[in-house]
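Written below as structure tokens is the structure these notes are about.
Below, chains carry the letters A, B, ... as their sequence lines are ordered, and counting in each starts from 1.
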Amino acid sequence: EAQVTQNPRYLITVTGKKLTVTCSQNMNHEYMSWYRQDPGLGLRQIYYSMNVEVTDKGDVPEGYKVSRKEKRNFPLILESPSPNQTSLYFCASSLNTPSSYNSPLHFGNGTRLTVT
Amino acid sequence: AQSVTQLDSQVPVFEEAPVELRCNYSSSVSVYLFWYVQYPNQGLQLLLKYLSGSTLVKGINGFEAEFNKSQTSFHLRKPSVHISDTAEYFCAVTLRNQGGKLIFGQGTELSVKP
């Protein structure tokens with residue numbers, strides 16, 4: 001089954017403790033992206049990647065890192081999490097960039113992160 | 001820079017009533033437009049998209065949207081809603097052939113009551 005898989009679904013951690021949220025897709029998509037969803041703010045893009053070893057900042061990259069060493073995986077790293085990073089995170093992928101013709105995003109089921 | 005505004009944060013309706021969820025965007029260049037739906041505790045699913053051609057776009061579950069270039073709008077409609085349509089709906093825009101950014105609106109919570 002074609003899908004985007006995020007792990008874990010839920011994560012509670014403390015301020016300053018490094019964590020990684022994994023994202024994997026099995027559709028051979030070139031484009032992958034991370035969003036955070038906060039009430040009243042919709043989804044805001046954190047980082048995206050147009051191919052292996054190519055990553056770019058989205059609108060809210062501060063406090064996050066990503067890597068794209070292989071096509072299927074796009075982990076999100078929080079080196080020193082803070083309470084303002086408490087949010088619902090989504091990974092998404094598409095065949096080409098979203099601005100390409102007919103390349104809609106496929107989303108994972110989300111990771112709810114709480115930083116205390 | 002492009003932006004998306006969803007004019008209603010919450011829309012309560014009764015079952016079998018029609019509904020319209022409003023979306024306006026701002027961009028000086030050509031865009032692609034999308035509506036996504038998020039059911040409780042799930043990720044987002046594509047509902048429909050406007051890429052080119054006919055301005056009336058039909059999607060899944062009986063939804064449709066109309067692209068209005070002069071009013072820079074892409075409103076979502078359904079003539080008769082069901083309880084199962086209760087979800088959050090997001091409008092999104094990207095610039096044609098210009099990179100990897102997809103900008104989402106703030107979301108509209110559709111609540112269908114019996």
*Residue by residue, which of residues 105-114 of chain A have a heavy atom closer than 4.5 Å to a heavy atom belonging to chain B?*
A/L105, A/F107, A/G108, A/N109

_Report which part of A/R44 has an atom under 4.5 Å of a heavy atom belonging to chain B: side chain, backbone, both, or neither._
neither

*Might you point out which heavy atoms bring B/Q38 and A/L88 nearest each other, and give the distance in Å?*
NE2-CD2, 4.3 Å

*Contacts of B/L46 that satisfy side-chain contact (heavy atoms from CB on, under 4.5 Å) - sequence neighbours left out*: A/P104, B/F34, B/Y36, B/K49

*Which residue pairs pass the ring pair (Phe, Tyr, Trp, His ring centres under 6.0 Å) test with at least one member in residues 80-100 of chain A, sequence neighbours excluded?*
A/Y64-A/Y89

*Checking B/E109 against chain A: side chain, backbone, both or neither under 4.5 Å from a heavy atom?*
neither

*Single-linkage hydrophobic cluster B/V37~B/V93, side-chain heavy atoms < 4.5 angstrom*: yes

*Part of A/Q37 lying under 4.5 Å from any heavy atom of chain B*: side chain

*Are B/L76 and B/I60 co-members of a hydrophobic cluster defined by side-chain heavy atoms under 4.5 Å apart?*
yes

*Do B/V57 and B/Y89 belong to the same hydrophobic cluster, where Ile, Leu, Val, Met, Phe, Trp and Tyr are linked whenever their side-chain heavy atoms lie under 4.5 Å apart, directly or via other members?*
yes

_Counting only non-hydrogen atoms closer than 4.5 Å, does A/L41 touch chain B with its backbone (N, CA, C, O), its side chain (CB onward), both, or neither?_
backbone

*asked:* Tell me whether A/D59 is salt-bridged to B/K101, with the criterion being a basic N under 4.0 Å from an acidic carboxylate O.
replied: yes

*asked:* Test of understanding: clusters of I, L, V, M, F, W, Y form through side-chain heavy atoms closer than 4.5 Å, transitively. Do A/L43 and A/I46 belong to the same one?
replied: no

*Would you find more than 12 non-hydrogen atoms of other residues, nucleotides or ligands less than 6.0 Å from B/N41 atom CG?*
no

_Among residues at least two apart in sequence or on other chains, which ones pass side-chain contact (heavy atoms from CB on, under 4.5 Å) with A/P39?_
none

*Report yes if some heavy atom in the side chain of A/Y48 is under 4.5 Å from a heavy atom in the side chain of B/L102; otherwise report no.*
no

_CD1/A/I77: more than 12 non-hydrogen atoms of other groups inside 6.0 Å_ = yes

